[in-house]
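Below: the structure, in structure tokens.
Counting starts at 1 for both ligands and their atoms, in listed order. Each residue takes its place number in the sequence, starting with 1. It should be emphasised that the depicted structure is a prediction, and the values quoted were computed from it without experimental measurement.
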Amino acid sequence: MPKKRTLEEYSIDPAAQQMITRAEEMGLSTAFTRADDMAPCNIGAAGMCCKQCGMGPCRLTKDGQTGVCGATIDTIQARNLLRAIAAGAAAHSDHGRGMALTLKAVANGEAEGYIIRDVAKLRMVASHYDIPIDGRSPEEIANDLADLYIAQFGQQQGEVVPVRRAPSKRLQKWREQGVVPRGVDREIVEALHRTHIGDDQDPEHILQHAIRTGLADGWGGSMIATDISDILFGTPAPVLGQANLGVLKIDMVNVIVHGHEPTLSQMIVAASQDPEIIEYAQKAGAKGVNLSGICCTANEILMRQGIPAAGNFLHQELAILTGAVEAMVVDVQCIMQALVPLASNFHTKIITTSPKVKITGATHIEFDEHHALSIAKQILKEAIDNFKNRNKNKIVIPQSREDLIPGFSHEYINYMLGGSYRASFRPLNDAIMSGRIRGVAAIVGCNNPRSSQDYLHSYVTKELLKQDVLIVQTGCGAIASAKLGLMLGEAGLSEVGPGLREICETVGIPPVLHMGSCVDNTRILTVLTQMVADGGLGDDIDAVPAVGLAPEWMSEKALAIAAYCVASGAYVIFGGASPVSGMPDRVSDSDKVLRYISEGWEKLYGGKLEFIPNVDEMIKATLEHIDKKRAALGLPAYDPKRFGQSGDARMLKLEKLPLEKRRTAIYGTAAK
Ligand code: BF8
């Protein structure tokens, strides 16, 4: 019998619990209950199954056993890991390619509805690559940048250009190791080639290419995606937003955009505010169109326009269960096939839009950036036409929603800390050096229905905040904190360590900074690079007291991110199950890969990847690493008693109040 979990074991989010209960009452399955019914294959989960050819699949469960071709357990694990990293890098990088092609079309006046919104970022990015900027129009510069970026995907020799932006010592290390990506596509193709039957069979050699493929993502495709998104749609700056299912509105046409690429979602934002569309919605009996997002698309439009996030990965089915969604518009990545059968119990239309993604039973309206605004309006009209099919008796919208301030791009933090004339990370570095901030943790990545939704994200976040660790977040982890109200200045500060609280109050930032979507993990790379450049924290990223965590990971993209973060010098901790765990009780030598991606990679790159299922161990390892890096830099040992005295009296009184009353005490009226 499958194990049935309690509501708290499914999710710590009350909105999710309400919708999971509703699904059960209606006899409908969700990823939460399907995870109960589908126990993971313990051989595949441990990376011990090879299905690379027709002689297998080979399952290596006995000591010293090999596959039919003679492949050992460590070769098989390394191959499986490289393939996963290649798939993740492909997903991010294909997104980047799409952005580069869109930039080219915009530069040549061929993309309906788009403009170059952030000319300053365009000029800054172009200047990294010595593209002439003086006396040239934004379109001329954008055309050159688009050509350069498009060329990075198919380049055969040399080095992808974004690696020039890494600290020089880091780039030197990559050159010495021979892992600088030559071209984004080349590394991904080579990963597939090397892992074909009868190719690369030395696990360390295979994993060296995992690093190169990861770098092709982080310092290639993903960085290109982030740069161009900022250029076309604006570099994020703080804006007020909301998160959770309570953002759906009973009297409006609810359209949810779900997936990853901002090209379509940004155009749907524009179309939803068009008088023609508003009038069309009003004629259908609604007050207008209420747009919200799920997954990384949510992050893209949340941090730029403050469009609310309906939720993270595990909220996609729960949003449909409200019965209030007229259309869920999806593009690529992290879209569950279960959406279509679930939606058939309601009036919700699932609309696929990418030429790469069709789902059987969904409505397909193909997106083309050359006619973006017209297509966005067509999609919205389809949703509005569906408003009349709502069953009012079937609507249940959970009333959970939290305010947040997202939009902490690298550029904004730079400006926030230094102003227009002296943009800098100096105050952040100083705060780390003095010990007010103990270190930095990036808590990123997915939800996974095998663990309680948002629990690991929030537990790790809250515990590290108490320890004066500044948190930056992206992806579904960011939405988890948003739903919990951790991304507001006045919220959560009472639970934050004294030194970090001083900094947050002085600078005026929340203790948890929302930095964007999953491709925007590259913002964390550029932040770390600038922290190195501003001085005092060593001369390379691996010296900075920082850790990356993905407590609820599930996607191959997460593994690609891990690979490039490790290659960049970061200690990366994943929660949940390890895809290369092996089964030590059954195969004595099955932990070679596990050790190599930790100790082996640390020797080569200063960064390492570890899988730590116990949440308290995860926190302990994070703090130990931060303290070890502080000591290596000769910084004072962390001592919270030295900070937080000034200005604490009022805070200490306020922190005894519940959040709503605290807000009223600060602002005079309730914030919501
Ligand atoms: O790219 S965090 S579940 S939505 S993979 Fe997917 Fe994971 Fe969410 Fe965005 Ni990232």
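- In this structure the side chain of Pro236 never reaches within 4.5 angstrom of the side chain of Met515, judged on heavy atoms.
- For ligand 1, the atoms sitting less than 4.0 Å from at least one non-hydrogen atom of His260 are 1 (O), 4 (S), 9 (Fe), numbered in the order shown with element in parentheses.
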TODO: Before giving the answer on side-chain contact (heavy atoms from CB on, under 4.5 Å), spell out for Glu402 and Leu484 the whole-Å C-alpha distance, their side-chain angles and the decisive distance to 0.1 Å.
DONE: CA-CA 7 Å; Glu402 269 297 341; Leu484 286 160; over 6 Å; no
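- With values rounded to the nearest 0.5 angstrom, Thr30 atom OG1 is found 11.0 Å from Gln316 atom CD.
- To the nearest 0.5 Å, atoms OG1 (Thr102) and OH (Tyr114) are separated by 5.5 Å.
- The two residues Gly241 and Leu302 make their nearest non-hydrogen contact at CA-CD1, 4.0 Å.
- If you look at atom 7 (Fe) of ligand 1, the protein N, O or S atoms less than 2.8 Å from it are Cys446 SG.
- Under a 4.0 Å N-O distance rule, the pair Arg117/Asp230 does not qualify as a salt bridge.
- The residue Gln333 has no part lying near ligand 1, judged by heavy-atom distances below 4.0 Å.
- We find that Arg34 and Asp37 are not joined by a salt bridge, their nearest charged nitrogen and carboxylate oxygen being 4.0 Å or further apart.
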